[in-house]
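Below is one structure, written out as structure tokens; comments come after it.
Note that ligands are numbered from 1 as they come in the structure, with each ligand's atoms numbered from 1 the same way.
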Amino acid sequence: MRIFSGNAHRALAEEIAGYVEQSLGEVIITRFPDGEVWVKIVDNIRGQDVFIVQPTCYPPNENLMELLIMIDAARRASAARITAVMPFYGYARQDRKDQPRVPITAKLVANLLVAAGANRLLAMDFHAQQVQGFFDIPVDHLFAAPVLVKHLRAKQIPNLVVVAPDPGGLKMAYAYSNMLEAGLAIVAKQRRSATEVEALNLVGDVKGCNAVLVDDLCTTGGTLCAAANLLKERGTQRIFAAVTHAVLTNQAIDRLRDSPIEGMVTTNSVPAKDWRGFPVEVLSVADLLGEAILRIHSNQSVTSLFNI
Ligand code: R5P
């Protein structure tokens with residue numbers, strides 16, 4: 001078995017390799033002067049079980065292209081099996097045709113990965129679980145919940161309500177509320193543009209409660225901040241956020257700092273940022289991914305990785 005990393009998040013790949021008690025495989029990734037990506041896998045990987053770690057976070061197109069080219073290089077180097085390890089699957093939100101003449105880019109990315117030569121995918125907290133169906137190769141889809149819920153439980157926040165900041169997040173919020181034995185509420189949101197979100201209404205009892213907003217992803221912070229403002233209006237006391245993938249823009253950090261959200265807990269599925277004073281706790285999912293890699297390699301079940 002060999003584990004390789006692209007440039008997207010080498011620190012996470014190193015942590016995963018450490019868990020598996022390996023060092024990362026040697027690969028050269030450079031750019032030609034015109035920006036084209038060039039890859040050379042230095043190690044001999046003939047007949048090997050190859051795992052390539054590359055979340056397609058910012059800059060998504062560069063990171064995706066690197067991943068595709070690394071997969072192609074591994075295939076042409078006669079790897080026995082190639083698993084794309086994508087702790088964050090960029091483009092996952094574009095998973096349906098919700099207006100005329102728009103693409104389904106999450107499916108296009110799936111097609112590209114398979115066309116490049118990926119035999120399996122290991123991913124975590126897709127925007128929607130149905131994205132698994134875009135692949136006709138095996139997909140191991142992990143949840144960050146075992147890591148995040150353990151942390152939230154340890155905080156022992158009294159009178160807790162878990163809040164989905166939009167209807168799409170209801171399933172995730174419901175699972176968290178069960179695991180935390182907390183109440184459940186849901187915000188109805190309307191997205192006005194890529195950066196502007198309006199929280200229209202709230203269903204659930206939040207008055208006097210402490211809330212944790214849970215979401216798969218935060219990018220501009222519009223969704224979380226709109227929901228938090230509405231929660232405050234409805235009499236919620238303290239508000240926290242738990243987000244698997246903190247792909248935060250600078251605007252998001254400013255918004256979060258100015259919002260009623262006291263702090264966020266997230267994972268290292270994408271590289272950490274300078275949070276500029278906004279309290280963020282980053283939990284590692286390297287062991288979870290490392291254990292999944294070990295189990296995939298030895299054809300064992302990964303079911304126990306979902307246990308809390
Ligand atoms: C949307 O359905 C997702 O689950 C997130 O709520 C959303 O993508 C977050 O984006 P932003 O932070 O830009 O509002």
- request: Let me know which protein residues bring a heavy atom to under 4.0 Å of ligand 1; chain then number is fine for ordering.
  value: Arg93, His127, Asp166, Lys189, Arg191, Asp215, Asp216, Leu217, Cys218, Thr219, Thr220, Gly221, Gly222, Thr223

Taking the side chain from [X] and the backbone from [Y], do they hold a donor-acceptor pair closer than 3.5 Å?
X: Lys273; Y: Leu248; answer: yes
X: Asn44; Y: Arg46; answer: yes
X: Thr105; Y: Leu108; answer: no

task: Would you check if the distance from the ring center of Phe143 to the ring center of Phe306 is below 6.0 Å?
output: yes

message: Pairing donors with acceptors under 3.5 angstrom, does anything connect the side chains of Asn7 and Glu66?
response: yes

task: Among Ile, Leu, Val, Met, Phe, Trp and Tyr joined by side-chain contacts under 4.5 Å, find the other residues sharing a cluster with Val203 and list them by chain and number.
output: Leu170, Tyr174, Leu184, Ile186

